[in-house]
Amino acid sequence: SAGLQNAAVKAGKLYFGTATDNPMQTDQAYVALLSNTSEFGSITPGNSMKWDATEPTRGTFTFTNGDTLVNLGVKNKQLVRGHTLVWHNQLPGWLENGQWTAAELTKIIQDHTTTVVKHWAGKLYAWDVVNEPFEEDGTYRDSIFYKVLKTEYIAIALRAARAADPKVKLYDYNIDGLGSKSTGMYNLVKNLKAQGAPIDGVGIQAHLISGSVPSSIQANIQQFADLGVDVAITELDIRMTLPATAAKLAQQKTDYQNVIKACKNVKACVGVTIWDITDKYSWIPSVFPGQGAALPWDENLKKKPAYDGIVAGFA
Ligand code: G3I
């Protein structure tokens, strides 16, 4: 039977999934597609589980928007990926602007992680525990967490998450192909494993540019697989300069096919998530003016050539 989830399962993968968000849950055609389990076996809330959304005031938690999406996924029997616990963006002001000692910030990370993970314990497949810890050059990003705790914050968050939901898979990410950043991540994962910190998976973020998709994605996935962790492609989209032409859409189809094939070819790559379904709701045009058309469905929810590229990649 047709559909991207079915294609992924035939290729031995657990899921093909998508990010989604609360504002578009009133778009009925969109929700019907999102809920089509031949296409999507997993969903990831794009914003509603982030720190500013869940703990806007210290110790006061709001789960309503996250609940809406988790309940939808559970109702549809889709795996839900939690995104994200400790990240340098979308932090509440109280946290970002505070002057914290190491002990205070450790407690803040532990309280946040414990409360949020416990709230959805048993309902999620995985959590992106730490997101984007590295700069492009492979050095650690100088976030509030790193400033105060150096690399310690990563194991602190992973351990708190494991204690709060012993079954959920814990991910850490943001890499695409081989290079300085993936080397940084490789050394981190090796180190976490050596100290017995609970890391189960690594995410290949994959916000890519059509025509410039790294050829080393498969080799990168493989090197993490060899460390004994799962790998997932967690935020795939492949943008182009607008307007989209037939030639650009054909290039994008090839690009999608190659990325999917890289996951297909490595057993430890468990699944792929696109960063929303349709160009109508993609984050790209607002952040990269003049670029877009990054997703497999167009603004009218019509399948683009990229869709067939994904199917071909799994075949
Ligand atoms: O919630 C407010 C709303 O109240 C307000 O009216 C509106 C006006 O602009 O803004 C809304 O907030 C926006 C939020 O998305 C929710 O829609 C923010 O401005 C906007 O910046 C935010 O963008 C998100 C971005 O992360 C922020 O960092 C994108 O939707 C989300 O897709 C994107 O996702 C990230 C991943 O989490 C991590 N990896 C990179 C990826 C792309 O940036």
Side-chain angles (χ1 to χ4, degrees), residues 17-27 30-31 34 40 42-57 62-70 80-93 95-96 112-113 116 120 124 126-136 140-141 143-145 154 157 170-177 181-182 184-185 201-210 217 231-240 259 272-297 299:
T18 180
T20 187
D21 208 345
N22 295 85
M24 39 277 211
Q25 301 306 313
T26 54
D27 178 339
Y30 172 90
V31 174
L34 175 67
F40 303 109
S42 167
I43 62 170
T44 303
N47 284 298
S48 36
M49 293 175 162
K50 289 171 177 174
W51 205 315
D52 63 350
T54 51
E55 196 182 5
T57 305
T62 55
F63 296 120
T64 320
N65 281 344
D67 282 344
T68 299
L69 300 180
V70 171
V80 183
R81 300 192 77 266
H83 176 81
T84 172
L85 295 166
V86 179
W87 186 37
H88 63 281
N89 269 342
Q90 289 172 289
L91 291 173
L95 168 56
E96 212 166 14
H112 179 78
T113 301
V116 176
W120 285 301
L124 304 191
W127 261 111
D128 296 331
V129 177
V130 173
N131 190 28
E132 303 173 9
F134 292 103
E135 298 285 0
E136 288 305 315
Y140 278 90
R141 193 187 292 276
S143 64
I144 176 98
F145 307 109
I154 296 168
L170 306 178
Y171 278 69
D172 187 326
Y173 70 106
N174 169 24
I175 38 172
D176 302 323
K181 190 159 66 164
S182 95
M185 181 64 93
V202 169
I204 305 287
Q205 185 161 269
H207 291 298
L208 302 170
I209 298 170
S210 189
I217 294 181
V231 179
I233 295 179
T234 44
E235 302 188 12
L236 178 62
D237 51 30
I238 308 183
R239 61 186 182 264
M240 63 179 71
V259 174
V272 177
T273 296
I274 48 174
W275 208 239
D276 224 315
I277 303 171
T278 145
D279 295 334
K280 190 176 179 182
Y281 298 127
S282 171
W283 68 291
I284 298 282
S286 63
V287 175
F288 300 100
Q291 298 187 53
L295 293 167
W297 276 264
E299 308 223 339

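Keep in mind that this is a model prediction, so the values were computed, not measured. Start at 1 and go down the list; that is how both ligands and their atoms are numbered.
Considering only heavy atoms from C-beta on, Q205 comes within 4.5 Å of N131 through its side chain. A heavy-atom distance below 4.5 Å is not found between the side chains of H112 and V86. A 4.5 Å side-chain heavy-atom check between I277 and F40 finds at least one atom pair inside the cut-off. You'll find the side chain of L69 stays beyond 4.5 Å of the side chain of V80, heavy atoms only.
Less than 4.0 angstrom separates atom 6 (O) of ligand 1 from none of the non-hydrogen atoms of the protein. Less than 4.0 angstrom separates atom 2 (C) of ligand 1 from none of the non-hydrogen atoms of the protein. Within the 4.0 angstrom cut-off, atom 11 (C) of ligand 1 has no protein heavy-atom neighbours. In this structure, atom 39 (N) of ligand 1 has a protein heavy-atom contact shorter than 4.0 Å. Under the 4.0 angstrom criterion, atom 36 (C) of ligand 1 counts as having a protein heavy-atom contact. There is a protein heavy atom less than 4.0 angstrom from atom 43 (O) of ligand 1. In this structure, atom 19 (O) of ligand 1 is not in close contact with the protein, since no protein heavy atom lies within 4.0 Å of it.
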Next item on the list: Report the C-alpha separation of D27 and Y281 in whole Å, then their side-chain angles, then the decisive distance to 0.1 Å, and conclude whether the side-chain contact (heavy atoms from CB on, under 4.5 Å) test is met.
Entry: CA-CA 11 Å; D27 178 339; Y281 298 127; 2.5 Å; yes
Check: Can Y171 and T84 be said to form a side-chain contact (heavy atoms from CB on, under 4.5 Å), step by step?
Finding: CA-CA 10 Å; Y171 278 69; T84 172; over 6 Å; no
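Among protein heavy atoms, the minimum distance from atom 32 (O) of ligand 1 is reached at W275 NE1, 2.9 Å. Among all non-hydrogen protein atoms, the one lying nearest atom 27 (C) of ligand 1 is Q90 OE1, 3.1 Å. Of all protein heavy atoms, the one lying nearest to atom 26 (O) of ligand 1 is K50 NZ, 3.1 Å.
The OG atom of S143 sits 12.0 Å away from atom CH2 of W87, with the distance rounded to the nearest 0.5 Å.
If you look at T84 next to ligand 1, there are no close heavy atoms at all, none under 4.0 Å.
Under the 3.5 Å distance criterion, with hydrogens and angles disregarded, a donor-acceptor pair is assigned to the side chains of Q25 and T20.
One N or O on the side chain of K50 and one on the backbone of G46 form a donor-acceptor pair closer than 3.5 Å.
Each of the atoms 38 (C), 39 (N), 40 (C) of ligand 1 lies under 4.0 Å from some heavy atom of E132. Shown in contact with E235 at under 4.0 Å from a heavy atom are these atoms of ligand 1, numbered in order with element: 36 (C), 38 (C), 39 (N), 40 (C), 41 (C). Every atom of ligand 1 is numbered from 1 in the order shown, and the set under 4.0 Å from a heavy atom of N131 is 38 (C).
When the heavy atoms of D128, D52, N47 are ranked by distance to atom 30 (O) of ligand 1, first place goes to N47.
Of the listed residues (I284, I238, D237), just one forms a side-chain contact (heavy atoms from CB on, under 4.5 Å) with L295, and that residue is D237.
Considering backbone and side-chain N/O of H83, one or more are found under 3.5 Å from N/O of ligand 1. The shortest N or O to N or O distance between W87 and ligand 1 is not below 3.5 Å. Note: an N/O pair closer than 3.5 Å links Q205 and ligand 1 by distance alone.
Ring planes of H207 and W283: perpendicular class, angle over 60° (limits at 30 and 60°).
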